[in-house]
Student: 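One structure is given below, represented as structure tokens, and several questions about it will come after.
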Protein chains: 2
Amino acid sequence: MKLVPRYERLQLQVHRFPTLDPSAIETCIAMLRLSNELTGAYEAHFSRHGLSQGRFVVLVQLFLAEDAGGTLSPAEIAELASCSRATMTGLLDTLEKDGLVSRVDHPEDRRMYSVHLTERGRELMQGMLPDHYRRTAALMAHLSQDERETLRALLAKVSTGVPALRDP
Amino acid sequence: MKLVPRYERLQLQVHRFPTLDPSAIETCIAMLRLSNELTGAYEAHFSRHGLSQGRFVVLVQLFLAEDAGGTLSPAEIAELASCSRATMTGLLDTLEKDGLVSRVDHPEDRRMYSVHLTERGRELMQGMLPDHYRRTAALMAHLSQDERETLRALLAKVSTGVPALRDP
DNA sequence: GCAAAATTGTTAGGGGCCTTACTAGATGCC
DNA sequence: GGCATCTAGTAAGGCCCCTAACAATTTTGC
């Protein structure tokens, strides 16, 4: 979603459309724009390791689950990654083909299996996570702890307006 | 990009990865999550009018240009919409097929043409924009003018960190 | 003038993610 | 036990956007 209109010209329409709230649009566009920049930057970073956003989230969730001594089913990963089970099948297919994860049959329920990091997948995560975390820290380096909290609070406030944007 | 990891489990890794900055990640995830909500809500809204984000941006830019008494080439729309010229070709193909825009040959330069709203396209915009603007106003209704300004300032501050996220 | 360079829009092919519809297996209700 | 129902994962197809290579045309530089 890179398609965000420029703001300048909107001023032309203020008199024609009484429902137009310039500061609302300006703020909304600022969020969408930043989110595009962010997504693009993360994508560039991930692609240097042969990953996409989706592939990374799968691997990092497996890495975290492993740390916690557990294992995950496709449906659980899909839930953790906020995507559909069908999308997860596709992600796991290519991750397995690339030798980063393996599918292990469930001993009792033959519909299910669990997903495991391979040694290669584990090494990829261990190798890239320090850099990944460092980059995210750098992204926020210009904001104090107070500013980060304020930002989160304001984002949460915007979030309460989303139903009004979506609903009727 | 709906794939954003849950935050809780990250706490497990703080001791293993010295570069991990929990409040940076938490704030970043909050932004990406909200942006997903926002994008999804806008998509739902647009699809009720037979549009997507991209299709809408094209039409609204043409509508604005018309208001300003001008006309746009595909390359100019692509620039305004922040997408590639190739993507614009595809968007214009389907918009033309749906009778919402028309292509008009450039009188002097035979490589180029300009894009115009059809009557039907213009009516679609006039019909949906009041609702569209009203929804965006509703999204931000819970934030005061001061809060909106603060939010934009903080987003701008985050934006200065993006190169550090992307670069080397 | 005229070949080289630059520019416009298009085509071809691919990646990522989605939704819908399906298959195989487990579970529950009589 | 047997049939309806639910669930897990998959397959197929679509949308949106990208890059790279291309044809047609204009501009530039000798």
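Keep in mind the model is a prediction, meaning the values are calculated, not measured. We use all heavy atoms of the structure for the numbers below, so side chains are in, but hydrogens, waters and symmetry mates are not. A, B, ... follow the sequence lines: proteins, then strands. Residue 1 opens every chain.
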Student: Please state how far atom CG in A:Asp109 lies from atom C1' in C:dA26, giving the value in whole angstrom units.
Tutor: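 Going from CG in A:Asp109 over to C1' in C:dA26 covers 6 Å.
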Student: Pick base, sugar-phosphate or nothing for A:Arg110, based on heavy-atom distances below 4.0 Å to the nucleic acid.
Tutor: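 A:Arg110: backbone/sugar contact only, no base atoms under 4.0 Å.
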Student: At less than 4.0 Å, is any side-chain N or O atom of A:Arg103 found next to OP1 or OP2 of D:dA8? Yes or no.
Tutor: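 Indeed not, no polar side-chain atom of A:Arg103 lies that close.
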Student: Check this one for me: any side-chain N or O of B:Ser52 less than 4.0 Å away from OP1 or OP2 of D:dC16?
Tutor: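 Checking B:Ser52 against D:dC16: at least one side-chain N or O falls below 4.0 Å of OP1 or OP2.
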Student: Please report, rounded to the nearest Å, how far the C1' atom of D:dC15 is from the CG atom of B:Leu95.
Tutor: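 Rounding to the nearest Å, CG of B:Leu95 and C1' of D:dC15 are 14 Å apart.
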Student: Please determine if a side-chain N or O atom of B:Tyr113 lies less than 4.0 Å away from the OP1 or OP2 oxygen of C:dT10.
Tutor: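 Yes, because at least one side-chain N or O of B:Tyr113 sits under 4.0 Å from OP1 or OP2 of C:dT10.
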Student: Quick test of your reading of the model: are B:Asp131 and B:Arg135 salt-bridged, counting only N-O distances below 4.0 Å?
Tutor: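 Judged by the 4.0 Å cut-off on N to carboxylate O distance, B:Asp131 and B:Arg135 do form a salt bridge.
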Student: Within this structure, what is the CD-to-P distance between A:Glu43 and C:dG16, rounded to whole angstrom?
Tutor: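 Roughly 9 Å, once rounded to whole Å.
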Student: Using a cut-off of less than 4.0 Å, is there contact between a side-chain N or O of B:Thr87 and OP1 or OP2 of D:dC17?
Tutor: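 For D:dC17, neither OP1 nor OP2 has a side-chain N or O of B:Thr87 closer than 4.0 Å.
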Student: How would you label the contact of B:Glu108 with the nucleic acid (heavy atoms, under 4.0 Å): base, sugar-phosphate, or nothing?
Tutor: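 Sugar-phosphate contact only.
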Student: Let me know the distance between CD1 of B:Ile77 and C1' of C:dT8, rounded to the nearest Å.
Tutor: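 Checked: the CD1 to C1' distance equals 13 Å.
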Student: Considering only heavy atoms from C-beta outward, does the side chain of B:Leu51 approach that of B:Met125 to under 4.5 Å?
Tutor: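 Yes, close enough: below the 4.5 Å cut-off.
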Student: Quickly work out the A:Leu92 CG to C:dG16 P distance and round it to whole Å.
Tutor: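 Taking atom P of C:dG16 as the reference, CG of A:Leu92 is at 14 Å.
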Student: Rounded to the nearest angstrom, tell me the gap between atom CD in B:Glu76 and atom P in C:dT8.
Tutor: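 From B:Glu76 CD to C:dT8 P: 9 Å.
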Student: Suppose we screen for ring-ring contact (aromatic ring centres under 6.0 Å, His included). Which residues come up paired with A:Phe63, at least two apart in sequence or across chains?
Tutor: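 A:Phe63 satisfies ring-ring contact (aromatic ring centres under 6.0 Å, His included) with no other residue.
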Student: For A:Thr39 and A:Gln53, which I'm curious about, is there any donor-acceptor pair between the side chains at under 3.5 Å?
Tutor: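 There is no such pair between these side chains.
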Student: Looking at B:Arg111 and C:dG9, is any side-chain donor or acceptor paired with a base atom of the opposite kind under 3.5 Å?
Tutor: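 Check fails, no donor-acceptor contact within cut-off.
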Student: If we only count heavy atoms from C-beta on, is the A:Pro130 to B:Phe17 side-chain gap below 4.5 Å?
Tutor: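 In short, these two side chains touch, coming nearer than 4.5 Å.
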Student: Assign each of B:Ala86 and A:Asp93 to its nearest nucleotide of DNA chain D by heavy atoms, then name whichever residue's nucleotide is nearer the 5' end.
Tutor: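 So the residue in question is A:Asp93.
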Student: Starting at CD of B:Gln53 and ending at P of C:dC17, how long is that distance when rounded to a whole Å?
Tutor: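 Value for this atom pair: 18 Å.
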Student: Specify the separation, in whole Å, of atom CG of B:Leu91 and atom C1' of C:dT11.
Tutor: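 Taking atom C1' of C:dT11 as the reference, CG of B:Leu91 is at 16 Å.
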Student: Are any of B:Ser84's side-chain N or O atoms less than 4.0 Å away from OP1 or OP2 of D:dC18?
Tutor: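 B:Ser84 to D:dC18 OP1/OP2: side-chain N or O found under 4.0 Å.
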